[in-house]
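Worksheet for the structure shown next.
Along the sequence shown, the residues carry numbers beginning at 1. Numbering of ligands and ligand atoms starts at 1, following listing order.
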Amino acid sequence: MDLLQLKDKNVVVMGVANERSIAWGVAKQLFAVGANVLFTYRKERSLTKLEKMLEKYDYTAKAIIQCDVNDDASIEEAFQRVKEEVGVVHGLVHSVAFANPSDLRDDFIHTSRDGFAFALDTSAYSLVAVSKAIRPLMTEGGSIITMSYLGAERVLDGYNIMGVAKAALESSVKYLANDLGEDGIRVNAISAGAIRTLSAKGVPSFNDILSKIEETAPLRRNVTQEEVANMSIAMLSQLSTGVTGEIVYVDGGYNIMGV
Ligand code: NAD
């Protein structure tokens with residue numbers, strides 16, 4: 001029995017920069033279950049890497065499309081291309097975030113007006129913009145997932161403006177879930193544990209965060225890219241049709257601890 005029902009479904013994956021990217025972990029599992037994967041990328045560098053990775057693993061993408069989430073025209077063009085390629089979309093993986101590195105180095109109070117707006121625009125508003133763009137393509141219902149982090153709820157050293165952006169992202173998930181529910185479209189966030197990726201390099205205290213999780217989390221270890229990908233597959237699939245507007249933790253249970 002095919003419990004997932006993702007075979008031949010069209011899923012857009014945003015945010016693969018390299019093999020360590022959470023989005024790449026999700027894409028690998030999507031290929032494994034027979035989904036059609038359409039990628040979006042921002043920089044040419046990511047495109048070159050992505051093409052090499054696809055060749056290495058012998059995967060064929062349905063499409064690879066440029067999309068800068070800071071730019072409405074780029075989003076419109078990208079989803080027009082998605083429409084031309086597949087017509088109907090069943091899933092969207094939003095795995096995109098960015099803040100000025102300088103805003104993560106100093107105390108939060110020194111966040112600049114521009115830095116605040118840029119982080120929120122890239123990391124939270126982008127979900128609203130791409131959900132709006134993909135809604136008309138999810139004519140058979142669908143599932144949208146995004147990646148969040150515990151810094152949305154708790155003060156984590158060095159996470160600063162990104163924590164505020166993740167709080168906005170998680171709240172946006174709930175409002176979007178309410179708007180899109182009538183179309184049979186679900187919207188959920190996965191609050192992933194700390195994973196060593198390109199983005200994580202921008203968080204100055206990242207090594208300390210990894211050690212603390214190992215000491216304190218109920219599972220006494222950090223989670224893997226594959227574990228986050230597996231929950232992503234569940235949230236994109238028929239296994240989670242009753243779930244929307246949720247923040248699902250894949251963090252070894254770290255979020256339940258008092259310290
Ligand atoms: P990553 O650097 O591999 O991925 C981030 C992606 O965002 C990159 O592909 C980058 O090109 C893309 N991006 C940034 N600005 C963009 C723009 N303007 N337009 C289009 N794409 C843009 O790092 P990752 O850790 O895989 O991050 C993916 C998501 O997971 C992010 O939302 C991140 O905050 C979240 N997350 C990461 C961790 C972790 O510890 N790594 C934990 C929880 C949540």
Do ligand 1 and T197 have nitrogen or oxygen atoms that lie under 3.5 Å from each other? yes
Quick check: closest heavy atoms across L104 and Y159, and the distance to 0.1 Å? CD2-O, 3.5 Å
Using a 6.0 Å distance limit plus a 45 degree cone around the ring axis, check whether R113 lies over the aromatic ring of F118. no
So which heavy atom in the protein is nearest atom 26 (O) of ligand 1, and how far is it from that ligand atom? I22 N, 2.8 Å
Got an N/O contact under 3.5 Å between D68 and ligand 1? yes
For residues V16 and S46, report the shortest heavy-atom separation together with the two atoms involved. O-CB, 3.8 Å
Looking only at side chains, do R45 and N18 share a donor and an acceptor under 3.5 Å apart? no
Quick one: does ligand 1 sit under 4.0 Å from the side chain of K166, the backbone, both or neither, non-hydrogen atoms only? side chain
Where on V16 is there a heavy atom closer than 4.0 Å to ligand 1, on the side chain, on the backbone, on both, or on neither? backbone
Given the rule in the side chain to side chain contact (heavy atoms under 4.5 Å, CB included) test, do F39 and L54 qualify, once you have shown the distances and angles that lead to the verdict? CA-CA 11 Å; F39 291 94; L54 290 166; 3.9 Å; yes
Check: N160/D103 side-chain N/O donor and acceptor closer than 3.5 Å: no
Are any of the N or O atoms of I195 closer than 3.5 Å to those of ligand 1? yes
Which ligand 1 atoms are under 4.0 Å away from a heavy-atom of G193? 40 (O), 42 (C)
Side chain, backbone, both or neither: the part of S126 lying under 4.0 Å from ligand 1 by heavy atom: neither
Any N or O of V69 that comes nearer than 3.5 Å to an N or O of ligand 1? yes
Whether S74 lies under 4.0 Å from ligand 1, heavy atom: no
Taking distance alone, with no angle check, do N70 and ligand 1 share an N/O pair under 3.5 Å? yes
Polar contacts were defined as any N/O atom of the residue lying under 3.5 Å from an N/O atom of the ligand; does this apply to T122 and ligand 1? no
Quick one: do the N70 and T122 side chains pair a donor with an acceptor below 3.5 Å? yes
Using a 3.5 Å cut-off on N or O atoms only, is L198 in polar contact with ligand 1? no
Does S191 approach ligand 1 within less than 4.0 angstrom via side chain, backbone, both or neither, non-hydrogen atoms only? neither
Looking just at side-chain N and O atoms, do S240 and R186 make a donor-acceptor pair shorter than 3.5 Å? yes
Under 3.5 Å between any N/O of R20 and any N/O of ligand 1: does that happen in this structure? no
Close N or O approach (A192, ligand 1; < 3.5 Å): no
Roughly how far, to the nearest 0.5 Å, is the CD atom of Q66 from the OH atom of Y41? 5.0 Å
Close-contact set for ligand 1 against S95 heavy atoms, below 4.0 Å: 5 (C), 6 (C), 7 (O), 28 (C), 29 (C)
